[in-house]
J.: 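Take this structure, written in structure tokens, and hold onto it; I'll ask about it next.
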Amino acid sequence: MEYNFKEIESKWQKKWKDSNIYKTDIIENKQKFYVLDMFPYPSGAGLHVGHPLGYIASDIYSRYKRQKGFNVLHPMGYDAFGLPAEQYAIQTGQHPAITTDKNVNRYREQLDKIGFSFDWNRSFKTCDPDYYKWTQWTFIQLFNSYYDNKNKKARPIAELEFYFAKNGTNDLDIAQTEPQSFTANDWNSASEKEKQEILMNYRLAYLADTWVNWCPELGTVLANDEVVNGLSVRGGFPVERKLMKQWILRVSAYAERLLQGLNDVDWSDSIKEIQRNWIGRSEGAAIWFPLAKQGPSDWKDLYMGHFEGIKNEPAFEIFTTRPDTIFGVSFMVLCPEHEMISSITTPEHKEEVENYVNWAKNRSERERQAEIKKVSGVFTGSFAINPITNELIPIWVSDYVLSDYGTGAIMAVPAHDSRDFAFARHFNLPIRQVVAPSLEEISNPADWNESMDSKTGVCINSGFINGMDVKNAGKAVIEMVKEMGIGYGTINYRLRDAIFSRQRYWGEPFPIYYKDGMPYPIPENELPVLLPEVDQFLPTESGEPPLARAKNWNYNGYTMEFSTMPGFAGSSAYYLRYMDPHNNDALVSKEANNYWQQVDLYVGGAEHGTGHLIYARFWNKFLFDIGVCCKDEPFKKLINQGMIQGRSNFVYRVVGSNKFVSLNLKNDYQTTPIHVDVNIVHNDILDVDAFKNWMPDFKDAEFVLENGHYICGWEVEKMSKSKYNVQNPDDLVEKYGADTLRMYEMFLGPIEMAKPWDTNGIEGVFRFIKKFWRLYFDENGDFSISDDEPTKQELKILHKTIKKIEDDNERFSFNTAVSAFMICTNELLEAKCNKRSILEPLCILLSAYAPHITEELWSLLGFNESVFNATFPVYNEQFLQDDEYVYPVSFNGKMRLKMSFPANFTPKDIEPEVLANPDVLKWLDGKNPKKVIIVPKKIVNIVF
RNA sequence: GCGGGUGUGGCGUAAUUGGUAGCCGCGCCAGACUUAGGAUCUGGUGGUGAGAGCCGUGGGGGUUCGAGUCCCCCCACCCGCACCA
């Protein structure tokens, strides 16, 4: 029988579908294992060969785990809300739901052809109302919660109202937008609206004016991770800064837990490090610098010399990681957005400061980043007092201080901070060294080319911390400011709150209506709030989001929230929903969640390191706090599959002609490289006729060949249509079959490594599959299996392979596993082994990699049950033991000869044996060896 | 600038974790069967040398009987962050 992959694959795919073989249920007495892929955004372009890479790996692992006795959950769905579908809708007027469905169907078709073991019964799209109901529900829970810093946990906002009524803000340690202070009386006498405004300061989902990344082209705001180099990730449009009222998630409240949680998960160091950097924890001090009431001439008279009550005076709170350098402060800098600028600017500097602030605020993000090295700033005319040295320091404004980190104000220590240094040099401000590598190594800052930023050394010119090393000095300064009541040690995080509003149509509507200008949640029993129909998907003329176009869309006459949620909303809890996807009463039932717990293996690209993977962890931690899920971390182990790059081919056109010259002859001509479709190139040899037919321009092309071939050049680039290097998995399935594609994608290299796609070489895997098939057939092509006892050698081949495949599966080393299959098959073919006792277990081993061919063989072997449900063979050490071992014998580390010893010999026995061996004696040549090193089963080394 | 990673034949990679470097596959070379091959099968294939041998894992040094693997310095490339005080 011929190996007819087309027939076999379509036959089994249909059978699997008809029998719903991949349906998963809770099985109480069986251990669970949850394998999840990052679900795809179904774009119009369909899948390319890079997409399935991770899916194939996770599918292999799922199948393997199942055969190892686990109840494996392996679902798949679609991240379906988002910009591309909506952009397309704006251009064509076609409803995004329709294009999304079309794309989803195409994806499903492509995925089905590859033979995945997904449980499609659990599938959903994030745009399904049954699902986004729970996205909306979670949002309401966030809205109705605050973060208790003391207990490190989200709590119901109702508790806070109760607390305010009793204590006001007294003794409160909770996450907040702005510091607030009021009494119980203040609270109790406040109006409903005032109360709502106060609560907004604490909600985990809150509405606030904020500086946003506004993308005019897309007509929406974007999160920090959606902007790269001042351009939108989707579309690459310029992004501006704009002050807007937005929904925001208080992700920052969870910064410390998000950081600590990284210690409990099994992720790669690189992605943990990316997240640590993104969270950006900095220890330091908050210190108040009071405003000097007058300028330098008589500051001494005005300075009080004591600091009680300083918090209530006009004072600037700064954050520094270097409190040890406080004696080196020579000026202060406020960010252009700082609210105190207008009140402190002296009349003679007013115009200049206003101009600067305006200029800085209106600069686009891209301009700002492009001119990052340019120093700019203005003096306000006012002075602050260094509370430790009592010195007057000028207050400047500059955009190198960011409004959304720390307090938007810094103490500048130019000697020990490169940015302050550049600023001081530019504006001729004093630079005073206060830290030196040692007391002997003090130099003159006037001679420096750069500041001394190192956080090591001893303090000099520094009053009471003179001579202390910087670490202790920092602590001492924090103690001092604490005692003085003007500061404290604190921790700052780079992680910002996440802006949660998008002024777009194709997203989850907020379950929010407005009463008296304040937002209120829609009652939970009225969810989901369905996405209303609109006549057009554009913003309204007044600049409102598209949802403002919806007719009769309100809640009991109250206005709805018109923005929609961002892409990450829907992808932040989908893994929980797969546990219980059809539940109408809860996001996930307690029962389902207690059984499936969390994702054991999550597979997806590293590009989500600072987006999805942070938001999902935040979201999960919140759901954990409110008791929806039982695990604090959503993804126990994470594998980041490397990006698949394209491998482009080039032809070289002789300038000014239609003549093309082969790669190695091109130096004799003046040529321009031109991308050529990789599908008409095989092993870098151009199919000349196909090339002529490829494009009208090349119809009359002439070629300068080498050895009768036209050799193309190649380069690794991004996979893209314009580079003609896109490989479609469907074409490969058509030509080689799904099993070959699956194995070739794994064979390409380690799963985590970025690698170029190169179809050259798939033939090798295809050959292997055909060879594997031949194992089960005789020379006449008839299925032929013998029930004879296997030989020792055959058992060794089998068990060596079982061990190797099991090890490789466990460490996700699928490329080496494929090699092991090839070796095993070659060895068995050579041994002409057709024994059932060998080929049956082998079929199970391979079934995770090549499910179709193994299913066919499994059924030919006489099984009714699918190989999917077979049990992974157990490897037996006994068969691996050799009768004798061959030891390489080396002299002084150089290999000289080989000696055989019985397997049960121990190194001790071997030593005299070795030295008595005639071959060894020859090498010893009468010399006494210094020592004989014997590594069991490995090597013997004799050292003179 | 800071952080993380990678570097092995013509190419993708492997190396039992400190023990014979180059497994497996592509490509290439030779042969077999063929009217033919972008089919199939067999053998060869790191460099150099007639040869025993010598050289060889980005470069340099070190530890060790022994280093692709461990330590130090340098180089190249990739990824992430980037005025985060």
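All chains are named by letter (A, B, ...) in the order of the sequence lines, taking the proteins before the strands, and each is independently numbered beginning at 1. In this text the structure is predicted, and so the values were computed from the model without any measurement.
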J.: Rounded to whole angstrom units, what separation is found between the CG atom of A/Asn492 and the P atom of B/C83?
T.: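 Atom CG in A/Asn492 sits about 16 Å away from atom P in B/C83.
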J.: Given atom CZ of A/Arg811 and atom C1' of B/A15, what is their separation to the nearest angstrom?
T.: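 Rounded to the whole Å, the gap is 10 Å.
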J.: Looking only at atom P, what distance separates B/U48 and B/G10, rounded to whole Å?
T.: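 Comparing P positions in B/U48 and B/G10 gives a spacing of 10 Å.
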J.: Please pick, from B/A85, B/C24, B/U17, the nucleotide with the shortest atom-to-atom distance to any side-chain atom of A/Ser819.
T.: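 Output: B/C24.
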J.: Look at the side-chain N and O atoms of A/Tyr405 and state whether any lies under 4.0 Å from the OP1 or OP2 oxygen of B/A85.
T.: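 Yes, within the criterion.
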J.: Remember a base hit wins even if backbone is also touched, and classify A/Pro750 as base, sugar-phosphate or nothing at under 4.0 Å, heavy atoms.
T.: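 A/Pro750: backbone/sugar contact only, no base atoms under 4.0 Å.
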J.: If the C1' atom of B/C78 is compared with that of B/G25, how far apart are they to the nearest Å?
T.: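 Their C1' atoms lie roughly 25 Å apart.
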J.: Closest-nucleotide mapping onto RNA chain B: is A/Ser813 or A/Lys771 further toward the 5' terminus? I mean the 5' end.
T.: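 Mapping each residue to its closest nucleotide by heavy atoms, the 5'-most match is A/Ser813.
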J.: Please report the distance separating the P of B/U17 from the corresponding atom of B/C54, rounded so that it comes out in whole Å.
T.: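 Going atom to atom, P in each nucleotide, I get 28 Å.
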J.: Does A/Asn815 reach a base, just sugar-phosphate, or nothing at all? Heavy atoms under 4.0 Å.
T.: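 Contact class for A/Asn815: sugar-phosphate only.
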J.: Measuring only the P atom in each nucleotide, how far is B/G12 from B/U8? A whole number of Å is fine.
T.: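 After rounding to an integer number of Å, I get 8 Å for this pair.
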J.: Would you indicate what A/Asp807 reaches in the nucleic acid, counting non-hydrogen atoms under 4.0 angstrom: base, sugar-phosphate, or nothing?
T.: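 Nothing: the residue A/Asp807, judged by heavy atoms under 4.0 Å, touches no strand.
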J.: May I ask you to say what A/Ile823 touches in the nucleic acid, namely base, sugar-phosphate or nothing, with a heavy-atom cut-off under 4.0 Å?
T.: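 The residue A/Ile823 makes sugar-phosphate contact but no base contact.
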J.: When the C1' atoms of B/G31 and B/C24 are compared, how many Å lie between them, rounded to an integer?
T.: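 Pairwise C1' distance, B/C24 against B/G31, rounds to 23 Å.
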J.: Base, sugar-phosphate, or nothing for A/Val333, non-hydrogen atoms under 4.0 angstrom?
T.: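 Since no nucleic acid heavy atom lies under 4.0 Å of A/Val333, the category is nothing.
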J.: What's A/Arg774 touching, base or sugar-phosphate or nothing? Going by heavy atoms closer than 4.0 Å.
T.: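 Contact class for A/Arg774: sugar-phosphate only.
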J.: Using OP1 and OP2 only, check whether a side-chain N or O of A/Ser418 sits under 4.0 Å from B/G1.
T.: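 Looking at the OP1 and OP2 atoms of B/G1, neither is under 4.0 Å from any side-chain N or O of A/Ser418.
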J.: Using the ring centroid of each side chain, check whether A/Phe316 and A/Phe289 are separated by less than 6.0 Å.
T.: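 Ring-ring flag for A/Phe316/A/Phe289: false, centres at least 6.0 Å apart.
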J.: Counting the benzene-type ring for Trp, do A/Phe821 and A/Tyr849 have ring centres under 6.0 Å apart?
T.: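 Yes: the rings meet the under 6.0 Å criterion.
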J.: Among the nucleotides B/C81, B/U17, B/G4, which one has an atom lying closest to any side-chain atom of A/Ser270?
T.: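 Closest nucleotide to the A/Ser270 side chain: B/G4.
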J.: Work out how far the P atom of B/G66 is from that of B/A21, and round it to whole angstrom.
T.: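 Looking at atom P only, B/G66 and B/A21 are 14 Å apart.
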J.: Can you check whether A/Arg767 has a side-chain N or O nearer than 4.0 Å to OP1 or OP2 of B/C26?
T.: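 Yes, A/Arg767 has a side-chain N/O under 4.0 Å of OP1/OP2 on B/C26.
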J.: Which way is the base of B/G9 turned, syn or anti, if we draw the line at 90° from 0?
T.: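 Classified syn.
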J.: Consider the side chain of A/Met822, meaning its heavy atoms from C-beta on, and name the nucleotide among B/C24, B/C81, B/U20 that approaches it most closely.
T.: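 Comparing B/C24, B/C81, B/U20 against the side chain of A/Met822, the answer is B/C24.
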J.: From C-beta outward on A/Ile939, which listed nucleotide comes closest to its side chain: B/U20, B/C81, B/G3?
T.: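 The answer is B/U20, which lies nearest to the side chain.
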J.: Output yes when a side-chain donor or acceptor of A/Asp684 lies under 3.5 Å from a complementary backbone atom of A/Cys712, and no otherwise.
T.: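 Not confirmed, A/Asp684 side chain does not pair with A/Cys712 backbone.
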J.: Pick the nucleotide of RNA chain B nearest each of A/Ala409 and A/Phe891; which residue has the one closer to the 5' end?
T.: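 Looking at RNA chain B, the more 5' nearest nucleotide goes with A/Phe891.
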J.: In the strands shown, is B/G46 matched to any nucleotide by a Watson-Crick or G-U wobble pair with both distances under 3.5 Å, and which?
T.: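 Per the H-bond distance test, B/C55.
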J.: Just to be sure I understand the rule, does A/Arg276 reach a base, reach only the sugar-phosphate, or reach nothing, if contact means heavy atoms closer than 4.0 Å?
T.: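 The answer is nothing, as A/Arg276 stays clear of every strand by at least 4.0 Å.
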J.: Between B/A76 and B/G27, how many Å separate the two P atoms, rounded to a whole number?
T.: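 Each nucleotide's P atom is 35 Å from the other's.
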J.: Would you mind reading off the distance between A/Glu763 atom CD and B/C11 atom C1', rounded to a whole angstrom?
T.: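 Interatomic distance, CD of A/Glu763 to C1' of B/C11: 16 Å.
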J.: How many Å lie between NZ on A/Lys832 and C1' on B/C41, as a whole number?
T.: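 To the nearest whole Å, that distance equals 12 Å.
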J.: Please pick, from B/A85, B/A14, B/G38, the nucleotide with the shortest atom-to-atom distance to any side-chain atom of A/Lys735.
T.: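 Of the options given, the side chain of A/Lys735 lies nearest B/G38.
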J.: Of all the choices, B/A85, B/A15, B/C24, which nucleotide is nearest to the side chain of A/Phe747 once you look at every atom?
T.: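 When the side chain of A/Phe747 is considered, B/C24 is the closest of B/A85, B/A15, B/C24.
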J.: Please state whether the phosphate of B/U40, meaning OP1 or OP2, lies under 4.0 angstrom from any side-chain nitrogen or oxygen of A/Lys770.
T.: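 Yes, because at least one side-chain N or O of A/Lys770 sits under 4.0 Å from OP1 or OP2 of B/U40.
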J.: To the nearest angstrom, how far is A/Ile274 atom CD1 from B/C2 atom P?
T.: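 So the two atoms are 18 Å apart, to the nearest Å.
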J.: So, A/Glu283 and A/Arg281, do they make that salt bridge, N to O below 4.0 Å?
T.: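 The answer is yes: the pair qualifies as a salt bridge.
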J.: Would you confirm whether the ring centroid of A/Tyr356 sits within less than 6.0 angstrom of the ring centroid of A/Trp396?
T.: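 Between A/Trp396 and A/Tyr356, the centre distance exceeds or equals 6.0 Å.
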J.: Check whether any side-chain nitrogen or oxygen of A/Asn760 sits under 4.0 Å from OP1 or OP2 of B/G38, and answer yes or no.
T.: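 Checking A/Asn760 against B/G38: no side-chain N or O falls below 4.0 Å of OP1 or OP2.
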J.: Distance to the ring centre below 6.0 angstrom and angle to the axis at most 45 degrees; does that hold for A/Arg767 and A/Trp773?
T.: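 Negative - A/Arg767 is either too far from the ring of A/Trp773 or too far off its axis.
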J.: Starting at CD of A/Glu317 and ending at P of B/A85, how long is that distance when rounded to a whole Å?
T.: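 The distance from CD of A/Glu317 to P of B/A85 comes to 15 Å, rounded to the nearest Å.
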J.: Could you check how far CD1 of A/Ile762 sits from P of B/C26, rounded to whole Å?
T.: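 Rounded to the whole Å, the gap is 12 Å.
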J.: Which part of the nucleic acid, if any, lies within reach of A/Lys804 when heavy atoms closer than 4.0 Å are counted: base, sugar-phosphate only, or nothing?
T.: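 No contact.
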J.: Under a 3.5 Å limit for both distances, which nucleotide forms a Watson-Crick or G-U wobble pair with B/C77, could you say?
T.: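 Because both required distances fall under 3.5 Å, B/C77 counts as paired with B/G5.
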J.: Just name whichever nucleotide pairs with B/U69, Watson-Crick or G-U, keeping both distances under 3.5 Å, else none.
T.: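 Across any shown strand, B/U69 pairs with none.
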J.: B/A14 and B/G46: how far apart are their C1' atoms, nearest whole angstrom?
T.: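 Pairwise C1' distance, B/A14 against B/G46, rounds to 15 Å.
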J.: Assess the residue pair A/Asp807 and A/Arg811 against the criterion (salt bridge (Lys or Arg N to Asp or Glu O under 4.0 Å)); give the C-alpha distance rounded to whole Å, side-chain angles, the decisive distance to 0.1 Å, and a yes or no.
T.: CA-CA 6 Å; A/Asp807 285 354; A/Arg811 59 195 181 101; over 6 Å; no
J.: Taking the six-membered ring where the residue is Trp, are the ring centres of A/Phe777 and A/Tyr3 under 6.0 Å apart?
T.: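 No; A/Tyr3 has its ring centre 6.0 Å or more from that of A/Phe777.
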J.: I want to verify the glycosidic state of B/U17; is it syn or anti under the 90° rule?
T.: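 Base orientation relative to the sugar is syn.
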J.: Under 4.0 Å, heavy atoms only, any strand: does A/Met753 hit a base, just the sugar-phosphate, or nothing?
T.: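 Sugar-phosphate contact only.
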J.: What I want to find out is whether A/Lys800 reaches A/Glu827 closely enough, with some N-O distance under 4.0 Å, to be called a salt bridge.
T.: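 A salt bridge links A/Lys800 with A/Glu827.
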J.: Tell me the partner of B/G31, counting only Watson-Crick (N1-N3 plus N6-O4 or O6-N4) or G-U wobble (N1-O2 and O6-N3) with both under 3.5 Å; none if nothing fits.
T.: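 Matched B/G31 with B/C41 under the 3.5 Å cut-off.
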